[in-house]
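Beneath this line is the structure, given in structure tokens, with notes to follow.
Naming: A, B, ... by sequence-line order, numbering from 1 per chain.
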Protein chains: 2
Amino acid sequence: MPEPSENPAPPPAETPAAAPAAEGGEGGEAGGISKKAAKKAEAKAKKEADKIRRANEQAAAAAASRAAVQAEDLAKDNYGQETHDTKLSADLVDVNVKNLGDEHVGKTIVLRAWMQNARMQGAKMAFLELREEGNWSIQAIVAANPEGTPVSRQMVKWVGAINPESFVIVEATVKKPLAPVTSCTVQNYELHITKCFVHAAAPTVLGMTLAAANRPVANFSDEAPVEQEVEKLTIASAGETTGTPAASMLTHLDNIVMHKRSAVQQAIADIRGEMKELYRSYLRSHGFKEFEPPCLIAAASEGGANVFRMPYFEKEAFLAQSPQFYKQIEIAGGRKRVFSVGPVFRAENSNTPRHMTEFTGLDMEMEIKKDYREVVEVLEGVLFHIFRNIEERCAEEIALVRSVYPSEEFLLPEPGKEVRLTFAEGQKLLREEGPEEFRNVTDDEDMSTPQEKALGAIIRKKYNTDFYVLDKFPEAARPFYAKEDPANRKVTNAYDLFMRGQEICSGGQRIHDPVELEARIRTKGIDPASPGIKEYVDIFRQAGVPAHGGGGIGLDRVVAWYLNLPSVHLAAFYPRTPKRLLP
Amino acid sequence: MPEPSENPAPPPAETPAAAPAAEGGEGGEAGGISKKAAKKAEAKAKKEADKIRRANEQAAAAAASRAAVQAEDLAKDNYGQETHDTKLSADLVDVNVKNLGDEHVGKTIVLRAWMQNARMQGAKMAFLELREEGNWSIQAIVAANPEGTPVSRQMVKWVGAINPESFVIVEATVKKPLAPVTSCTVQNYELHITKCFVHAAAPTVLGMTLAAANRPVANFSDEAPVEQEVEKLTIASAGETTGTPAASMLTHLDNIVMHKRSAVQQAIADIRGEMKELYRSYLRSHGFKEFEPPCLIAAASEGGANVFRMPYFEKEAFLAQSPQFYKQIEIAGGRKRVFSVGPVFRAENSNTPRHMTEFTGLDMEMEIKKDYREVVEVLEGVLFHIFRNIEERCAEEIALVRSVYPSEEFLLPEPGKEVRLTFAEGQKLLREEGPEEFRNVTDDEDMSTPQEKALGAIIRKKYNTDFYVLDKFPEAARPFYAKEDPANRKVTNAYDLFMRGQEICSGGQRIHDPVELEARIRTKGIDPASPGIKEYVDIFRQAGVPAHGGGGIGLDRVVAWYLNLPSVHLAAFYPRTPKRLLP
């Protein structure tokens with residue numbers, strides 16, 4: 001294919017932006033800053049570089065002199081800072097801690113891991129804990145021994161003083177310990193170290209220790225501690241005996257590396273990842289096709305409340321609050337069933353443990369054949385699929401999270417006994433069995449969060465489930481695109497799904513007829529010609545669109561409420577709040 | 001869990017924003033505009049609504065009078081606009097066109113599909129083409145017949161006049177045609193219609209016909225046609241015989257519903273979806289964990305070139321150009337291997353068929369045990385996995401795309417004969433076997449796009465492959481975080497992956513030692529204390545981080561270049577360009 005000469009892609013060398021954010025498929029990483037700028041800057045930087053080179057030379061000289069002192073150290077080649085010249089023994093197998101088995105006993109292996117802990121036991125022996133991803137730890141012993149590969153006292157002392165959270169490479173013989181090692185996750189093997197090199201050193205003082213990172217977060221405020229949160233969280237984790245003080249969310253975020261190394265955060269991340277995969281695999285196996293809605297959009301939704309807006313060349317752009325418009329275009333465009341997984345944005349200035357400005361939406365939309373309840377069935381189906389499978393796939397991770405953030409088991413109904421109430425039935429339950437203050441709730445106004453929670457408690461007691469559907473929301477509580485129930489126009493074919501009394505999914509049947517849609521838009525007091533609305537209605541005028549409906553699930557909420565975490569911030573990889581975009 | 005009374009989540013009824021973008025897991029859909037505003041607006045809109053109600057009543061009266069005229073029409077209940085009262089025969093099976101089999105012959109079924117085409121054959125018979133998702137079409141016949149479920153002449157006339165791209169519901173008997181129906185994808189069955197209702201009508205004149213939507217896009221410019229593009233594209237599709245004129249990309253986007261209904265766009269979307277799934281499944285089976293990097297970030301990369309910036313409460317935020325910083329945090333945070341799939345953004349004012357402002361990045365990052373080539377192997381591995389499997393999984397879709405956008409088969413090397421050249425070897429090939437103008441290319445400057453393309457042609461001829469790796473890029477062509485080759489500091493442990501002579505992936509080993517990193521930053525003329533850079537370096541100071549590397553693949557490019565499409569815009573679901581954010 002000839003390259004159109006009018007439109008040459010810029011040569012990679014000219015691609016601007018060098019910094020950490022520069023990689024990506026679109027010509028990303030290549031480049032660096034522009035050559036001119038680089039040359040100028042290089043000249044400026046030369047002095048600095050020379051200074052560093054001199055410092056390095058001095059360090060090398062110091063190392064050489066240390067080497068001379070250690071001349072009598074028989075183990076001198078078996079430990080130290082790893083360098084380009086560090087040699088491991090040939091032909092040794094790299095082993096992961098979790099894969100250790102009886103076949104390794106008596107063998108010498110190589111392990112790359114984090115130094116979780118090191119303590120001297122007299123002058124001739126040190127006990128270490130080495131850790132790998134997913135909280136896999138093993139005990140290692142380095143003991144002075146002149147035989148075989150020699151281990152000297154100097155080596156023991158050096159290894160015993162390695163800073164925790166340094167990354168080390170060890171050669172060691174696998175042995176059976178005399179008694180199970182209860183301080184490590186691997187209890188039936190231990191390592192007897194013959195070589196130990198520091199690949200990457202941690203600082204002497206960590207910003208947050210691993211023990212602190214593994215404690216429940218003490219407080220989620222962006223500013224001063226919120227009293228309730230602190231109170232709730234100083235209940236602390238079950239079985240906690242150490243005196244390690246808990247850290248605030250701010251401290252966790254300022255020490256993101258240690259935050260992420262904690263077993264509890266890795267377990268939450270694993271559970272989140274599996275939930276996402278279960279969502280996709282279920283929908284794929286039910287005929288849904290994945291699509292990708294855009295984040296950059298041309299029109300804010302009605303009023304533009306809570307929408308991020310930004311300059312976009314000569315115009316303005318907005319960040320999508322939901323992919324709904326686009327999943328409906330997919331259905332109009334001839335797809336029977338679609339789903340998407342991606343970020344959505346809300347410019348809401350709410351600084352609470354339940355709010356974020358960027359979160360992950362699990363969205364779906366499908367053609368309706370006869371009844372919108374077909375959609376509710378799929379939404380229930382995918383969530384049951386997630387809940388039932390996650391218990392098996394992530395049993396250990398869930399137990400680990402509960403050991404830090406205690407919570408009651410997430411109750412599910414027996415198959416076939418799913419709980420689906422109408423909104424009116426829910427309100428009746430609230431009036432009849434709820435607390436005093438909800439005796440007068442009506443059927444045509446939306447519920448408040450306290451009402452939702454109270455209803456959740458009633459349903460848990462009555463039906464033994466933490467997951468249920470409320471259907472047929474009142475017309476006034478739903479937006480213009482919600483399809484009214486043809487049999488009772490006071491309510492809509494729209495529903496919410498709840499976990500532990502908190503909404504995690506909202507959806508419904510949409511109006512697919514442009515005349516009906518425009519009439520409803522007017523009834524709701526909106527101008528059908530306003531930006532965003534006009535384009536929306538026009539979609540249904542382009543060609544005939546079948547009846548359809550869908551829903552949007554908030555992944556962060558599903559993870560957080562399933563585990564009953566005190567904040568959605570703990571369920572997110574990089575929580576975004578009005579006050580915090582770092583890291 | 002008690003709700004902290006200081007931080008109540010807003011009750012759903014108060015959640016603002018009603019419009020199409022309002023759904024989502026975070027309390028989305030519930031709401032509508034605020035009650036006060038709604039009431040005010042409702043009053044205003046009441047007149048409008050009354051007007052519409054009167055119009056509806058008039059229409060109903062007209063329908064009633066038509067019904068009177070049709071009183072003698074025996075088939076009058078078997079066709080027409082579908083209403084709430086439309087009754088289909090009980091107990092009939094819903095069938096999808098693609099699942100029709102001999103077991104259906106002689107049976108009456110229900111089909112919901114698009115009217116692709118309708119033409120009268122005399123006054124008593126009409127031939128229809130009905131279509132479902134994925135280009136599945138079947139011939140249907142409606143013929144006047146007083147027997148059984150009666151079909152009247154009026155019904156034939158009405159059905160034969162249904163606008164193309166209306167969505168219809170038919171009851172029909174499945175029969176074997178006298179000869180295979182070559183105009184439809186289902187050739188061995190046809191439908192004999194007994195009932196036909198229009199569920200959603202298309203307009204009389206479509207903005208773009210399906211035939212035009214299925215033609216190759218004529219021109220990708222946002223403004224005036226670009227001559228080269230038009231020339232290239234008027235080669236037209238192979239075997240194209242109709243006189244349907246091709247439409248420009250602008251026309252396609254203005255008629256997004258018809259654009260998406262085209263068989264070629266559905267095939268491209270299917271191929272894209274499967275490639276994405278193959279990417280994920282390969283990495284998951286190789287020990288990679290999925291994570292989610294943020295889009296909203298606090299600091300632009302060096303200089304801030306090509307970065308979207310936006311007001312963020314009292315501060316400023318930027319849209320991520322790549323998840324690189326974050327995937328490195330994941331490794332620093334104790335993950336061995338991570339990947340992500342998500343949007344990345346470039347504020348580049350380039351209006352060409354190869355540029356977009358939002359695209360999908362397939363990113364990965366992993367711990368390096370001994371050599372950075374471990375990363376190259378995984379990147380090659382996942383791309384080979386995609387290429388080899390997509391040929392099988394999407395054979396029909398690929399053939400369909402080629403029938404519209406002709407291209408040569410994508411050549412892959414035999415397993416074990418993967419092509420991996422150093423940058424210097426590539427330059428040597430260019431000098432020795434490339435065109436005249438590249439006789440003097442050197443080893444320490446990056447390649448231009450024409451050079452890359454020329455090298456791609458040489459490699460295709462020499463090694464019979466359209467996919468290859470260039471490794472050891474010169475130091476000057478790579479950003480500050482690229483690890484230099486310890487054996488030759490003029491080059492880096494960094495690579496690009498190419499398809500048909502075009503870069504689709506960039507990656508390399510990163511510097512993991514903060515001292516080395518800071519020195520390199522200075523050498524490149526960048527201030528290590530500048531925003532974004534400081535936070536980046538600090539990650540490696542928080543705790544020891546193992547050697548690691550990764551890469552970022554541009555999904556849009558992989559799809560587009562694999563199929564040799566004339567523009568990445570065709571590979572995207574909703575292409576974003578500097579001039580266009582709609583739909």
Side-chain angles (χ1 to χ4, degrees), chain A residues 4 7 9 11 13 16-21 23-26 29 32 41 45 48 52 165-167 200 202 228 257 260-261 273 290 292 294 298 301-302 305 310 313 321-322 324-325 332-334 352 354 446 448-449 479 506 519 522 525 536 542-544 546 552-554 573-574 578 581-582, chain B residues 4 7 9 11 13 16-21 23-26 28-29 32 41 45 48 52 165-167 200 202 228 257 260-261 273 290 292 294 298 301-302 305 310 313 321-322 324-325 332-334 352 446 448-449 479 506 519 522 525 536 542-544 546 552-554 573-574 578 581-582:
Chain A
N7 294 321
E23 176 167 303
E26 300 264 338
E29 217 168 36
E48 291 273 8
I52 286 162
E165 299 306 318
S166 299
F167 194 82
Q228 277 81 352
V257 171
K260 285 185 174 280
R261 285 188 187 188
E290 189 172 355
E292 296 159 53
S301 52
E302 175 62 10
M310 51 189 272
F313 305 100
Q321 292 175 296
S322 127
Q324 186 177 333
F325 186 12
T352 86
R354 349 179 118 250
D446 207 348
S448 66
T449 302
S506 213
R522 288 184 203 279
Y536 179 74
Q542 288 187 21
I553 300 172
F573 285 93
Y574 299 93
L581 286 174
L582 276 174
Chain B
N7 294 320
E23 175 168 307
E26 301 265 338
E29 219 169 35
E48 291 273 6
I52 287 161
E165 299 307 319
S166 299
F167 193 82
Q228 279 79 351
V257 170
K260 286 188 173 279
R261 286 188 187 188
E290 188 170 358
E292 295 159 53
S301 51
E302 175 60 13
M310 51 189 272
F313 304 100
Q321 290 175 300
S322 128
Q324 187 178 332
F325 185 13
T352 85
D446 207 350
S448 67
T449 302
S506 213
R522 287 183 203 280
Y536 180 73
Q542 288 187 19
I553 301 171
F573 285 92
Y574 298 93
L581 286 174
L582 277 174

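Distance check: B/Q542 CD to A/K260 NZ gives 11.5 Å after rounding to the nearest 0.5 Å.
Under the ring pair (Phe, Tyr, Trp, His ring centres under 6.0 Å) criterion, B/F573 pairs with no residue, sequence neighbours left out.
The choice from A/E165, A/E290, A/R261 that makes the most heavy-atom pairs within less than 4.5 Å of chain B is A/R261.
When all heavy atoms are compared, the tightest approach of B/Y574 to A/P294 is CD1-CD, 3.7 Å. A pairwise comparison of heavy atoms in B/A298 and A/L582 identifies CB-CG, 3.8 Å as the closest pair. Nearest heavy atoms, B/V257 versus A/A543: CG1-CB, 4.2 Å.
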